Amino acid sequence: MFPTPLERTSRTWQIGYQSLLPVAVIAWLLPLLAVAMFSIKPSSDFTGGDYWSWPSRFAGFENYGRVFMDSPMPRYILNSFMITIPTVIGAVALSCMTGFALGIYKFRLNLFVFFLFIAGNFVPFQILMIPVRDLTINAGLYNTKLGLVLFHIAFQTGFCTLFMRNFIRALPFELIEAARVEGITEFQIFWHIVLPLMKPAIAALSVLVFTFIWNDYFWAVVLTQGPQAQPVTAGITSFNAQFGVAYHMLSAGSIVAALPPVLMFFLMQRHFIAGLTLGAVK
Amino acid sequence: MTGVTLNNVTKKYGDIQVIHGIDLEIEDGEFCVFVGPSGCGKSTLLRMVAGLEETTKGQINIGKRDVTRMDPAERGVSMVFQTYALYPHMTVKENMGFGLKMNGHPKAEIEAKVAEASRILKLDDYLKRKPAALSGGQRQRVSIGRAIVRGPEVFLFDEPLSNLDAELRVEMRVEIARLHKEIGATMIYVTHDQVEAMTLADKIVVLRAGRIEQVGAPLDLYRDPDNKFVAGFIGSPSMNFLTGIVDKGAVRIDALERTIDVDIALPADGTTVSVGIRPEQCTLTRQGRLTVDLSEALGGVSYTHIVVPSGEKIIVEERGIDRMREGDAVTLGFDAGDVMLFDAASGTRLR
Amino acid sequence: MTGVTLNNVTKKYGDIQVIHGIDLEIEDGEFCVFVGPSGCGKSTLLRMVAGLEETTKGQINIGKRDVTRMDPAERGVSMVFQTYALYPHMTVKENMGFGLKMNGHPKAEIEAKVAEASRILKLDDYLKRKPAALSGGQRQRVSIGRAIVRGPEVFLFDEPLSNLDAELRVEMRVEIARLHKEIGATMIYVTHDQVEAMTLADKIVVLRAGRIEQVGAPLDLYRDPDNKFVAGFIGSPSMNFLTGIVDKGAVRIDALERTIDVDIALPADGTTVSVGIRPEQCTLTRQGRLTVDLSEALGGVSYTHIVVPSGEKIIVEERGIDRMREGDAVTLGFDAGDVMLFDAASGTRLR
Amino acid sequence: MADTSANARHYGWFHRNRQTVTPWLFLLPGILFFSTYVVYPIIESISLSFYKWDGLGEATYVGTENYEKLVNDRAFTVSLINNVKWLLLYLLAIPAGLFIALFLNQTVRGIRIYKSLFFFPFVISQVVVGLVFTWFYDPKFGLLNGILGAVGLGQINVLGDPALATYGIIAAGLWPQTAYCMILYLTGLNAVDPEQIEAARLDGAKGRRMLWYIIVPQLKPATFIAFVVTIIGALRSFDLISIMTNGGPFGSTRVLSFYMFEKALSEYGFRMGYGAAIAVVLFVIMLFFIAYFLWSMYQDEKGR
Amino acid sequence: EGLSGELRIFSDMSNPAPRAVMEGMVERFGAMHPDLDIELTVIDREAYKTQIRNFLTADAPDVANWYAANRMGPYVNAGLFEDVSDLWAEPDFANLASTKGAMTIDGKQWGVPYTYYQWGIYYRQDIFEELGLTVPTTFDEELANCEKIVASGRACYTIGSKFLWTAGGWFDYMNMRTNGYDFHMALARGEVEWTDDRVRATFANWRKLIDMGGFIEDHQTYSWQEALPFMINGEATAYLMGNFSVPHFRDGGLSDDQLGFYQFPAITEGVAMAEDAPTDTFHIPSNAKNKEAAREFLRFVVSAENQTMINAGDALGQLPVNAASSVDDDKFLEAGFAMLSNDSPGGVAQFFDRDFSAEMASAGMEGLQEFMVYPDNLDDILERLEAVRQDIAQ
Ligand SMILES: Nc1ncnc2c1ncn2[C@@H]1O[C@H](COP(=O)(O)OP(=O)(O)OP(=O)(O)O)[C@@H](O)[C@H]1O
Ligand SMILES: Nc1ncnc2c1ncn2[C@@H]1O[C@H](COP(=O)(O)OP(=O)(O)OP(=O)(O)O)[C@@H](O)[C@H]1O
Ligand SMILES: [Mg+2]
Ligand SMILES: [Mg+2]
């Protein structure tokens, strides 16, 4: 292991390291901690120009309460879920199929199609903006969650295919051959053999796509408007407009908006990290 | 049950030809082993029989059926892979029954067949486990069980034991031999392990660079190889080769300053031939012009390495109590009747 | 050049003790091989000598220097790993010269030493290649070259050949033996391969569960093992063991219905002992109460498996022209003088 | 025997060609989606860049006029320069991530929690990161000025100063990006062969030299990925700019992606063709990196 | 006859007070037409500006908010707004005459106004008193006041120019006061060069305030709301703003005793005073489905009674567009009403980003913001703006 494992180092460095860790974390997360503190300060602290002192009293309940009761935030969060979850399902399903096709079969255009997906994944999405917007408008899907979901599924397919294909590639090909010798059809192979084996990849990818989509702002702005379809990332800007300079409210709102992916990360940490590395590194 | 016939079978990957028109007849119920150096095409040939690789040219028959263009599933073969290829998400039982289930066999029938296979392979205790919870040997047994369950006409094995450690390998080898005896199906077995080939085969097919060098029963190949390649390949340690020159109806071995008489038709005088003699048929006596380079004592047997003046290396198997040590001066002896002669250029056996 | 001395060396991982106070003296220039079953602590002990594992208790000397707490780089040892541990991003030449470079040796000196090592190991053609472009054997050679270049007092090898295939293993084994002869440094070598241990070692150390079972020259261990464990571990195929009962100053082997006289002090009548006899010291004669279970013919030798009535398995090495076949009725014979007796409980040799 | 009948059994076309047809069946929905939403729009955008169109009425073909205008468009130049700044400075995330990864690559109690906390910024939406940093930089009550004040340094208005604003935003972007690189390196470090480190220890390599000669070369795959994702992240930067400065002050923090959005879809933007032309320029820049990535993937695939 | 079906309304009245007004209107209109199913969507005011283009083409509501004058030009030209000249022909609409011009393009009317409001300077009366200042009527007085305020450690004006348009307000006033309404509108139409000396004169005047430290620092990082606390906390004494800001001041804790209003003072003698009074409007998209109900809603919006109600001080706090309605009893409304009716002989402008074409407005406001931070860059800025003007003129 590099650097030298701690237990092999001098006693002073061990203690130094152990005490450095929390300091480093606090410094690293300082901006975030500040926001967290803002979010539990009462508004009177701010009007008094007193931004940095300890909250004069704990106002977390009323601040967060207002976020949920007095603002469209719950609606936006709901939208985010209604956009994110179908996208995750759709993108993962599509890429299981494309990944299977590209990972298992040898055909002339295999690499070409695969590279097409990868290239698409890296395209600056601004170049898609105008046509996709027109497309969505013409399909009558402008300002609908469905419009956003369909686009996200399509765009994520590039990345997901890369991920799934590499994962399937790493499965022992003998499994497929064994099945073929046993007279199992290609669809059965996909359904009964490959799919169950892809569970870890599916889990990792789902978590990953979840955060990607949840955090999307650009397309939310381009393809939706207003609380009936917009996700929370875009919603937070109107939330800002509503609460103007009420920093305690804005902080609470930001924290609420950031919470689901953070929770997701903590609950699914292993999958998440597996996803990041698996997807990228083969 | 049926044998397998290959008829001028050829395989090309793009422009590269890896199997060059192989003709081979494997009898019903025979245990046939393909051996040969790495990359010689053993696996490719086996996979062509299985239908996992397309046959470029030629014809493969299983029994009387021409299966050349058939799907693997229709050929009536089962295959056992080196890596076991067990479905990791299924239990042992499900693994064995999966093929039947997918092909719509009734449940009771599957149960019965799995039970039978599991009995043969003593897997009853493990039926509920997943492959991950099994040792390498057990996994390989399951994978054989999966092959048995389908009741194929032909079993195909591709180096099934090479992922096992030495001890288990011996055990499983014995088990496969027993299995063959019990179910009597035709089996084709790829390996590069000498011992497996010698002990399991009814018939060994020695391949080199996509061509058959020789086909025969194990001891026939050992005792009567057709060419230098087979002679050197079969037997461990390998046969020693020395350069000899035909001289007045006898063969002169300059390295040993010895001329041996042989009772076969020799080529013209002055022709160079290769003289082969097995390590176990050599003897060493003290004193002489040769020096022991290295002696490896394994207990019951020692392998003594000698480099002759012409640069060729000779290994002698010694078993007696008095064994040579490094640096000893020795004389190499052997019975002229044990010697095999090969054409120096083509390697063909002279007989 | 210098030997290595271990003095009550002990290793604990947390509360688990894996090395139990080992005392060992390895002479200057000696080739010492550690063998033992998997997990017995061979690698741990070797790595403690290298300084890669801390020594919990005891002292390790290299020559006269106490190196117990020294940095690996300062001990004057080089190590060759099972997985080669070559730096994949450096060429062969860079790999070999890296240690010297790190220690600030001048360029010309590095060049010269690398050239010398490459000559010894015949690596000249590959100096510019990266490890990925080498075969397994070549990689292991480079890794040995890297060890040589640093000119260490002690070479350490941890199963250096076990990732190679059978053929290469033989070749490299011979090469290592030659290397030892050529540079004459002290070498400590870990393996679980019988043949390697027997052929390479000046001194074999048999370990079991973190303790030394026996130390000695290879043939001494083969011929005169201290206990049943060493007797069973050294020699291939393994020694056969049968249960015997001391009966009126002789040993009765019920399975064979034979009583043998031995000229050692036997324990009290009725005591159970373990009777050991090597496969190569057994003979089979036709007719008898035993049945051949399986015979594996390898050419020059056959291994014949027999199960005696008490359930013990016996393997007999046959070499003659007339060999037993499966199902043959046979009688097992051996010379009473070849038999070794062991205490049934502790396994200690009775002599 | 029954053998002949087996031969005569007639299979359908699909059955005979299933190895060829199946992959395409599986690919069909993916390709359909992908071409509709990715491939076709790229072509459409490129063609649109030769038109003048306000997004409402009829488009008129203007040839390369949009591109010609770009050459003299100061805002475009500024965006391009800013993009370069992003590209270069964003790469700092790679060494920074490596540094943190090395710091955290220990096995002490609770290290998993620390690793997670360090990774935290990456999971948070860039919108929230943008807000957080906007407040961090706020000249009035921002934490940054608070800290600067506490150590006796003067006040700065990072986001209000055109000379600093872009760097301020990049710093905000580096925060999550560094976290990302850190995780990549942590897993990379996990995969470094311990035997090689031991071999290097025997060879006398220590500390920085061990890092440079042994560890860093072995982290090459992780570095490659970190490089790719960082470049992509830099070129796609939009959210942060939009949230933190909205391109200002007076357009000094624009980058191509933001500028094109502004030109095409923002409050005062009605120039779809012009926006498309900007996007095409961005696309061309990205194409170099895509080509590089695909090329290295291809080398890998060939090697299999 | 009862209206039925669905009426979809998109509104940008997203700040709390206007939002309540809008919701109130919908409620009352709904009560009048019980069979009508009204769906109101309130969109963030800033976001709305970019989104209107999408929903007008894609997902048109029946009624949508927007702005008068040049700002509605693109949609009118693209045929996305319904011609509602028929409404304006109705007798009741005679009362809307004052805003008819702003709603007219090509001789037709394309929507109805629902409110307009004065711009001017809101100031801290209490601080003025404390410093002994009087309300200025000329620029010199303004400068003199400002000097004293700056000397007291305050800024004269707060402003948050992050979203640029606030700077536009300043330019409107500086230019209209320096060069007059007609010149300003000519500039807006692109008929005058930005490098013109008269434009430079405007900037020269403006610069006086900047150089003396009249504006708060770092205004380019604030939105207009974020700039409010400066005045509320007394760090700045005045705010050039539209009347919609009054509720914010009051919410911030300023009482009517503390908060005052005055007209932007004269600069060039003899130039008639002109004011910014942006008109906010309702339109019927051409793609609307329920145009009948939409027309009825528009009639309802401009009705005298509704106008009184929604523009009241406790509601929008702005000026009614219907001459028959009454202005609420609110000191700022009255001041504004008086100013626009009597003291604005020069004319009424809509606002920088409504009078100038979109492209010019965007480039222009950016330049204005830059000028406010780096006045030395003026030449460069003007050349740039001139280039844009010429580009548009092509
Ligand atoms: N897909 C392929 N494309 C091109 N050449 C191939 C392909 N598969 C195998 N070969 C070549 O065909 C030859 C035979 O390969 P095969 O795997 O049958 O050898 P083998 O005898 O099984 O070797 P081993 O003992 O190493 O398994 C080799 O030279 C190999 O390089
Ligand atoms: N880091 C560790 N922590 C705890 N126990 C360990 C550790 N490393 C090794 N051991 C234990 O120490 C014992 C000796 O291990 P060691 O690797 O030396 O065995 P070995 O003889 O080299 O075996 P093999 O032949 O399999 O390589 C084993 O029981 C192992 O489980
Ligand atoms: Mg093979
Ligand atoms: Mg070991």
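Quick caveat, the model's predicted, so the values are computed rather than measured. Chain identifiers are assigned alphabetically (A, B, ...) following the order of the sequence lines, protein sequences preceding nucleic acid strands; residue numbering begins at 1 within each chain.
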Enter the distance from A:Glu177:CD to B:Arg47:CZ here, rounded to the nearest 0.5 Å. 3.5 Å

If I measure from the heavy atoms of chain A, does [X] come under 4.5 Å with its side chain, its backbone, both, or neither?
X: B:Ser78; answer: backbone
X: B:Phe81; answer: side chain
X: B:Leu86; answer: backbone
X: B:Asn103; answer: side chain

How about [X]: does its [atom1] atom have over 12 heavy atoms from other parts shown lying under 6.0 Å from it?
X: A:Gln18; atom1: CD; answer: yes
X: A:Arg270; atom1: CZ; answer: no
X: B:Lys93; atom1: NZ; answer: no

Yes or no on side chain to side chain contact (heavy atoms under 4.5 Å, CB included) for B:His89 and A:Leu197, after CA distance, side-chain angles and deciding distance? CA-CA 7 Å; B:His89 55 292; A:Leu197 294 180; 3.5 Å; yes

Given B:Pro88, B:Ala147, B:Ala50, the one with more heavy-atom pairs under 4.5 angstrom with chain A than any other is B:Pro88

Which heavy atom of A:Gly183 sits nearest to which heavy atom of B:Ala73, and what is that distance? CA-CB, 2.8 Å

Work out which heavy atom in A:His192 is nearest to a heavy atom in B:Met90; give both atom names and the distance. O-CE, 3.8 Å

Assess the residue pair A:Glu182 and B:Arg146 against the criterion (side chain to side chain contact (heavy atoms under 4.5 Å, CB included)); give the C-alpha distance rounded to whole Å, side-chain angles, the decisive distance to 0.1 Å, and a yes or no. CA-CA 9 Å; A:Glu182 287 204 87; B:Arg146 188 172 62 181; 3.4 Å; yes

Apply side chain to side chain contact (heavy atoms under 4.5 Å, CB included) to the pair B:Arg150 and A:Val181, showing each step before the final yes or no. CA-CA 10 Å; B:Arg150 296 187 54 234; A:Val181 174; 4.1 Å; yes

